[in-house]
Protein chains: 2
Amino acid sequence: MIDRRFMDRALELGCAAAAAGEVPVGAVVTRNGAIVGEAHNAPRDLHDPTAHAEILAIRRAAETLGTERLTDCDLWVTLEPCAMCAGAIVHARIGRLYYAASDPKGGAVEHGARVFDQPQCLHRPEVYGGIGEQRAADMLQGFFRQRR
Amino acid sequence: MIDRRFMDRALELGCAAAAAGEVPVGAVVTRNGAIVGEAHNAPRDLHDPTAHAEILAIRRAAETLGTERLTDCDLWVTLEPCAMCAGAIVHARIGRLYYAASDPKGGAVEHGARVFDQPQCLHRPEVYGGIGEQRAADMLQGFFRQRR
């Protein structure tokens, strides 16, 4: 049973990113059924090229829990993580990754660098793709259509 | 002509990491021959699984320059970047990457995910490996020998 409330919250955060002029991606880290970190994409606002939703949510969860290891935590994100974020998920030892839309251009889970499939990968989360996919894809398409 | 002073500084930062009980990796971001961001590895101290030397140095450089794009900048780091850091180098649009020791276990430049070699990779820095390699390898080996 997948609790879709957390993906709903990630989608809400993605909408907030769009309203702030950022590419609409939202992420939530949960532990024992509660949110311990959440964020939306914010590289422009923060002047930080690493400020993807997943990185910020992981950093906030680690700060909240006072540890660099998020072993018992799950990550919910509206877009397939890129190589940077997939690498961060490995370092954080995230238990389960749930994502919505797949990203053939920038994703590195089922595309490109396929970070978790490398023989050298030290930690592989369980991966569940396609949760709330259509809503996440609509959100991204609407954002890019509006800016054209 | 490669200006080795910046790798010397990265090695110094790596030594400071070891003294603080962190895996000894140091990184420096330069622009027009001056340092605009530098850091050592600090995930334990900061309770932040993303706090690799490269990520922190890139974030500091972007903050200093007030932009998320470090197009005219170079990154000097004592160890081959992992997938997370290679991805951050892409997002930051780093011009040249200089690294010291290669890392068959965790590196993602010449090993594993080979982030810059993916057809979908949006930006490829010029890459120079093996600058100060022996000193960086000695530093890492000394650190792990001491902790055994």
Side-chain angles (χ1 to χ4, degrees), chain A residues 22-23 29 37 41-52 54-71 73 80-94 103-109 111-123, chain B residues 22-23 29 37 41-52 54-71 73 80-94 103-109 111-123:
Chain A
E22 304 275 2
V23 174
V29 176
N41 203 32
R44 286 180 195 134
D45 180 43
L46 299 180
H47 295 158
D48 178 356
T50 75
H52 282 195
E54 300 95 311
I55 297 284
L56 296 174
I58 285 172
R59 292 180 57 211
R60 286 169 192 168
E63 193 182 352
T64 300
L65 301 175
T67 169
E68 53 157 333
R69 293 280 163 95
L70 304 177
T71 313
C73 296
E80 180 186 347
C82 71
M84 174 180 74
C85 294
I89 287 165
V90 173
H91 295 311
R93 307 288 193 269
I94 291 285
D103 183 6
K105 285 189 187 165
V109 176
H111 299 95
R114 289 181 171 76
V115 170
F116 307 137
D117 295 344
Q118 299 301 326
Q120 60 171 193
C121 183
L122 281 175
H123 169 84
Chain B
E22 304 273 3
V23 174
V29 176
N41 205 31
R44 284 178 197 137
D45 180 44
L46 299 179
H47 295 158
D48 178 355
T50 75
H52 283 194
E54 301 95 309
I55 297 283
L56 295 174
I58 285 172
R59 292 179 57 211
R60 286 171 191 167
E63 192 182 353
T64 299
L65 301 175
T67 168
E68 53 157 333
R69 293 280 164 94
L70 304 177
T71 313
C73 295
E80 179 187 347
C82 71
M84 176 178 74
C85 294
I89 287 166
V90 173
H91 295 313
R93 307 289 193 270
I94 291 285
D103 184 4
K105 284 190 188 166
V109 175
H111 299 96
R114 291 181 170 76
V115 170
F116 306 139
D117 296 343
Q118 299 302 324
Q120 60 171 193
C121 184
L122 281 173
H123 168 84

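Note on naming: letters A, B, ... go to the chains in the order of the sequence lines (proteins, then strands), and numbering restarts at 1 for each one.
- For the set B:Ala92, B:Gly112, B:Ala108, B:Cys121, the entry with the most heavy-atom pairs within less than 4.5 Å of chain A is B:Gly112.
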Side-chain polar contacts of residues 55-66 of chain B - donor-acceptor pairs under 3.5 angstrom, sequence neighbours left out - could you list them?
unit_1, atom_1, unit_2, atom_2, d
B:Arg59, NE, A:Asp48, OD2, 3.1
B:Arg60, NH1, B:Glu38, O, 3.2
B:Thr64, OG1, B:Val36, O, 3.2
B:Thr64, OG1, B:Arg60, O, 2.9

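- With a threshold of 4.5 angstrom between heavy atoms, A:Pro119 does not approach chain B through any atom at all.
- Of all the heavy atoms in B:Gln120 and A:Lys105, the pair that sits closest is NE2-O, 3.1 Å.
- Heavy atoms only, all atoms of each residue included: B:His91 and A:Pro49 are closest at CB-O, 3.6 Å.
- In terms of heavy-atom pairs under 4.5 Å with chain B, the best-connected choice from A:Ala51, A:Gly107, A:Ala86, A:Cys85 is A:Gly107.
- In this structure, the side-chain contact (heavy atoms from CB on, under 4.5 Å) partners of A:Arg69, at least two apart in sequence or on a different chain, are A:Thr67, A:Thr71, A:Arg93.
- A donor-acceptor pair is defined here as one N or O able to donate and one able to accept, closer than 3.5 Å; no such pair exists between the side chain of A:Glu68 and the backbone of B:Leu46.
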